[in-house]
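Reminder, nothing fancy here: chain letters follow the sequence lines and each chain counts from 1.
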There are 2 protein chains.
Amino acid sequence: MSVGIRHDDLRRRNRAMVIAAVRRAGQPSRTEIAATTSLSHSTISAISSDLIVEGILTESKPSEAGSLKRGRPQVGLSLNPEAAAVMTVVLSLNFLSVAVIDYAGQVISEEQRRLDTLTMSRESLIGECTAIVRRRLADPDLDVRSIARIAVAIQGITDTRARAMLWSPITPHTDIAFADIFEDEFGIPAIMENDCNMMAVALRWRDPDRYRDDFIAILLSHGIGMGLVLKGELFTGTHSSGGEFGHMIHRPNGALCRCGRRGCVEAYAGNYAIWRNARQMGEDAEPVADVSDADMRALAAAAREGDGPEREAYRKAGEALGYGLGSLFALIDPAPVAMVGVSAAAFDLIEPALRQAIAQTAGGQHSKSISFDTEPNELPLIREGCAMRALIFVDQEIFAPGVQARSGFGGKNVA
Amino acid sequence: MSVGIRHDDLRRRNRAMVIAAVRRAGQPSRTEIAATTSLSHSTISAISSDLIVEGILTESKPSEAGSLKRGRPQVGLSLNPEAAAVMTVVLSLNFLSVAVIDYAGQVISEEQRRLDTLTMSRESLIGECTAIVRRRLADPDLDVRSIARIAVAIQGITDTRARAMLWSPITPHTDIAFADIFEDEFGIPAIMENDCNMMAVALRWRDPDRYRDDFIAILLSHGIGMGLVLKGELFTGTHSSGGEFGHMIHRPNGALCRCGRRGCVEAYAGNYAIWRNARQMGEDAEPVADVSDADMRALAAAAREGDGPEREAYRKAGEALGYGLGSLFALIDPAPVAMVGVSAAAFDLIEPALRQAIAQTAGGQHSKSISFDTEPNELPLIREGCAMRALIFVDQEIFAPGVQARSGFGGKNVA
DNA sequence: CAGTATTTTTTCGAGGCTCGAAAAAATAGA
DNA sequence: TCTATTTTTTCGAGCCTCGAAAAAATACTG
């Protein structure tokens with residue numbers, strides 16, 4: 001462990017730094033990059049002229065129209081969209097979505113497809129995934145060689161090495177190494193990520209002011225998922241994608257969860273749990289396979305209508321989420337929360353009980369100051385997160401290569 | 001954010017790397033250091049000769065007696081004990097302990113003292129702490145100028161900046177900035193750390209094989225504390241020392257906790273909770289201020305004697321700890337656990353219920369493979385952790401200084 | 001419209017760092 | 001005493017970043 005820094009690593013790291021600065025800032029001038037990286041102008045000049053020659057960056061016209069200043073106008077540097085491309089594959093319950101994204105982050109082409117993921121065989125699930133990717137790669141407008149990376153996101157648990165799905169609620173099959181499958185099939189490096197982690201990555205890029213170093217993204221969907229960024233890094237478990245917030249225990253020996261255990265947060269706050277409680281089916285009732293978004297919206301509407309089992313179901317969901325968040329906050333301290341997914345649209349029904357519960361916990365000391373944001377649609381977020389993950393891989397591993405070991409330094413999990 | 005690497009940072013980082021290699025390995029030769037750091041022999045030679053001239057390292061006799069090999073014998077490098085010294089201050093319930101440690105990690109001098117921390121005024125608590133440090137500094141055998149760092153550990157919550165105790169169960173007073181107080185008083189840089197975090201740091205140095213990158217140290221004492229190392233880094237909250245495992249919610253609206261809330265893990269597993277249950281005082285009974293170690297040992301003996309309220313009390317403690325660990329493992333995946341403190345000596349009474357509970361949780365899937373270790377005495381561990389923390393500060397900030405910003409690189413929390 | 005002030009970017013030499021190769025040092029075996 | 005072997009040091013080469021100065025590109029000024 002703890003490897004020293006070779007002399008040639010210097011350039012590599014600083015190249016990566018410049019690329020990262022451009023990706024973050026959009027069209028920064030060399031002077032701005034020098035300021036944010038605290039490297040000298042000479043160094044930035046040298047590195048960026050290399051990157052331009054290599055076709056990674058391009059010079060764009062003076063960044064702002066209102067160049068009211070005197071002096072030589074700044075020349076904006078931007079990512080060359082044609083430098084590379086990446087592909088995202090998002091697999092969720094009964095739905096498969098693929099997109100090709102250029103180096104600057106714009107969607108070039110996409111395709112979506114309904115599947116019956118719960119009943120498909122292992123082979124046909126894999127087959128559908130590879131087929132849709134193959135169709136995209138066959139696009140005549142696309143230079144296949146430019147695709148530098150495939151990022152796959154799935155609802156479920158993935159391994160830390162980002163190679164395989166270990167378990168997922170959307171299919172009975174386990175341990176599918178999608179990353180390896182795509183690499184073998186297409187010869188393109190691939191990674192396999194957890195959907196909620198990708199949501200968190202995307203939120204950070206969308207709104208870096210709110211979602212800076214520490215925040216939580218919670219997916220309120222059929223199941224409950226979480227993506228967590230701590231100290232600027234995506235938080236993952238020691239072996240898996242981790243962060244199984246939905247399966248923290250809310251009530252020992254409580255309601256039956258989809259995972260087969262009892263008393264998980266999800267067994268009170270997942271769509272199926274809200275549905276079960278609203279229909280007064282009892283906590284032991286087998287979770288239903290799926291509840292349509294329309295049904296959930298109808299449920300929320302009924303709950304808003306007046307007091308009754310629907311409203312009580314949302315109250316219980318809020319309570320479970322509140323105690324769960326309280327326990328989480330006991331571990332990590334409070335942080336901004338983004339609620340994502342269908343039931344985030346019903347957050348008005350969830351919030352009161354949630355805040356009341358969180359106030360009972362150690363982490364909820366300043367419960368009023370904990371702020372929630374809602375975003376009803378998770379799919380675009382997941383795709384954006386995948387795209388950024390893949391693009392940053394290209395930035396670091398392809399356009400600034402040459403470092404052997406990652407231990408000690410090398411922010412691998414930087415969201 | 002994300003600062004580039006200056007040319008002069010190179011030497012600084014590699015110096016730090018060499019010092020760290022020596023601290024880890026004990027008496028490594030230059031060749032061994034070159035191997036572990038993957039720097040060239042020339043570089044190691046240059047850096048180590050600098051460090052020797054500066055009095056930071058010394059050459060020791062050939063590392064092993066059995067130099068059966070041919071060739072020129074290796075020269076061991078070791079830390080010069082006189083290069084610097086650090087002081088540790090450990091403040092726990094009714095007890096204050098101070099030690100001076102040389103640069104190589106050996107205790108030079110120490111002093112311990114009983115206090116009535118629960119009833120002392122703020123001023124006298126601070127006064128006792130500064131007085132004991134002053135007495136140690138007055139030791140004629142000690143060169144005061146060599147003291148490069150004071151590390152203070154306290155049971156309770158500290159801030160992420162390692163300046164202040166925010167809240168502690170050992171005193172009614174809050175927000176005492178011990179680090180600032182010591183710095184102002186003695187002009188020596190100081191840090192304020194959480195006791196359980198220091199336990200984790202110490203475990204990692206004691207047994208790097210078992211406690212490598214991911215593990216958990218749990219203090220089973222009057223209260224329940226936790227120190228957590230994830231991916232080789234000490235885990236802290238976003239604002240505070242965090243990791244308040246003892247105040248995760250075990251049962252909503254459950255037993256009364258010392259913190260004033262209800263249903264915390266500690267309200268079932270802290271010494272006062274075990275005592276309360278064993279004495280059948282009811283879950284609403286006000287927690288007692290302190291239970292002596294002797295009383296706890298008697299309780300454990302009674303529990304081992306036969307079935308009864310004592311045994312049931314330990315069972316409840318195990319259940320709470322098990323569900324809590326299960327929820328924690330849902331977030332971070334399972335990892336080795338060290339149980340520290342008086343009640344760790346009664347772990348035989350706790351373990352069955354703990355394992356049974358953990359098996360009910362998502363994190364406990366492989367509950368049999370989760371391994372527990374016990375260590376009944378927390379104080380030496382805390383002191384060792386403090387010492388290592390302080391020494392590593394000296395290694396990095398004093399003997400390899402010169403880096404301005406830490407963002408991006410700079411492993412601040414490396415245990 | 002020419003000249004001046006101002007700001008950005010590039011150029012160039014200096015200084016430092018790591019590296020590889022070769023030399024020097026230090027020991028065990030023959 | 002000589003040779004083989006291993007560790008450590010020495011030395012020149014090659015990069016990299018930096019600061020200063022030059023070059024480039026614009027706005028202002030009279």
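Proximity of A:S29 to the phosphate of C:dT8: no side-chain N or O atom is located under 4.0 Å from OP1 or OP2. Taking 4.0 angstrom as the limit, A:R11 places a side-chain polar atom (N or O) nearer than this to OP1 or OP2 of D:dT17. For the pair B:N14 and C:dC17, the criterion of a side-chain N or O lying under 4.0 Å from OP1 or OP2 is not met. Residue A:T31 places at least one side-chain N or O under 4.0 Å from the OP1 or OP2 atom of C:dT9.
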Which pairs, protein N/O on one side and nucleotides 22-25 of chain C N/O on the other, fall under 3.5 Å?
from   : atom 1 : to    : atom 2 : distance (Å)
C:dA25 : O4'    : B:R72 : NH1    : 3.4

Please list, for nucleotides 11-15 of chain C, all pairs of protein and nucleotide N/O atoms separated by less than 3.5 Å.
from   : atom 1 : to   : atom 2 : distance (Å)
C:dG15 : N2     : B:H7 : ND1    : 3.4

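Here D:dT7 presents its P atom at 15 Å from CD of B:E59, a figure rounded to the nearest Å. Rounded to whole angstrom, the span from the CZ atom of A:R15 across to the C1' atom of D:dC16 amounts to 14 Å. If you measure from atom CD1 of A:I44 to atom C1' of D:dC16, you get 13 Å, rounded to the nearest angstrom. At whole-Å resolution of the value, CG in A:D9 and P in D:dG14 are 20 Å apart. Atom CD1 of B:I5 and atom P of C:dC17 are 15 Å apart (whole Å). As rounded to whole Å, 15 Å separates atom C1' of D:dC16 from atom CE of A:M17. D:dT17 atom C1' lies 18 Å from atom CZ of A:R12, rounded to whole Å. Remark: P of D:dA13 and CZ of A:R6 are 21 Å apart, rounded to the nearest angstrom.
Between A:H7 and B:H7, the ring planes lie tilted relative to each other; the angle falls in the 30° to 60° range.
Inter-residue side-chain proximity for B:D102 and B:E82 is flagged as unmet; no heavy-atom pair is nearer than 4.5 Å. Using a 4.5 Å heavy-atom threshold, the side chains of A:P81 and A:Q106 count as separate. In this structure, the side chains of A:R389 and A:R149 stay at 4.5 Å or more apart for every pair of heavy atoms. Looking at heavy atoms from C-beta onward, A:F182 lies out of side-chain contact with A:I188 at the 4.5 angstrom threshold. Between B:I56 and B:Y103 the shortest side-chain heavy-atom distance falls below 4.5 Å.
Considering only side-chain atoms of B:S40, the nucleotide from D:dT9, C:dC19, C:dC17 that sits closest is C:dC19. The side chain of A:I47 approaches D:dT17 more closely than any other nucleotide in the set D:dT17, C:dC19, D:dT8. Across D:dT29, C:dT10, D:dT8, the shortest atom-to-atom separation from the side chain of A:R70 is found for D:dT29. Of all nucleotides listed (C:dT8, D:dT8, C:dT27), D:dT8 comes nearest to the side chain of B:Q74.
Using a 4.0 Å heavy-atom cutoff across all strands shown, B:D8 reaches no nucleic acid atom at all.
Here A:E59 pairs with A:R30 in a salt bridge; the nearest charged N to carboxylate O distance falls below 4.0 Å. Salt-bridge check for B:E54 with B:R15: passed, with a basic side-chain N closer than 4.0 Å to an acidic carboxylate O.
A donor-acceptor pair under 3.5 Å is formed between the side chain of B:E183 and the backbone N or O of B:A190.
In terms of the salt bridge (Lys or Arg N to Asp or Glu O under 4.0 Å) criterion, A:D214 has no residue partners (sequence neighbours excluded).
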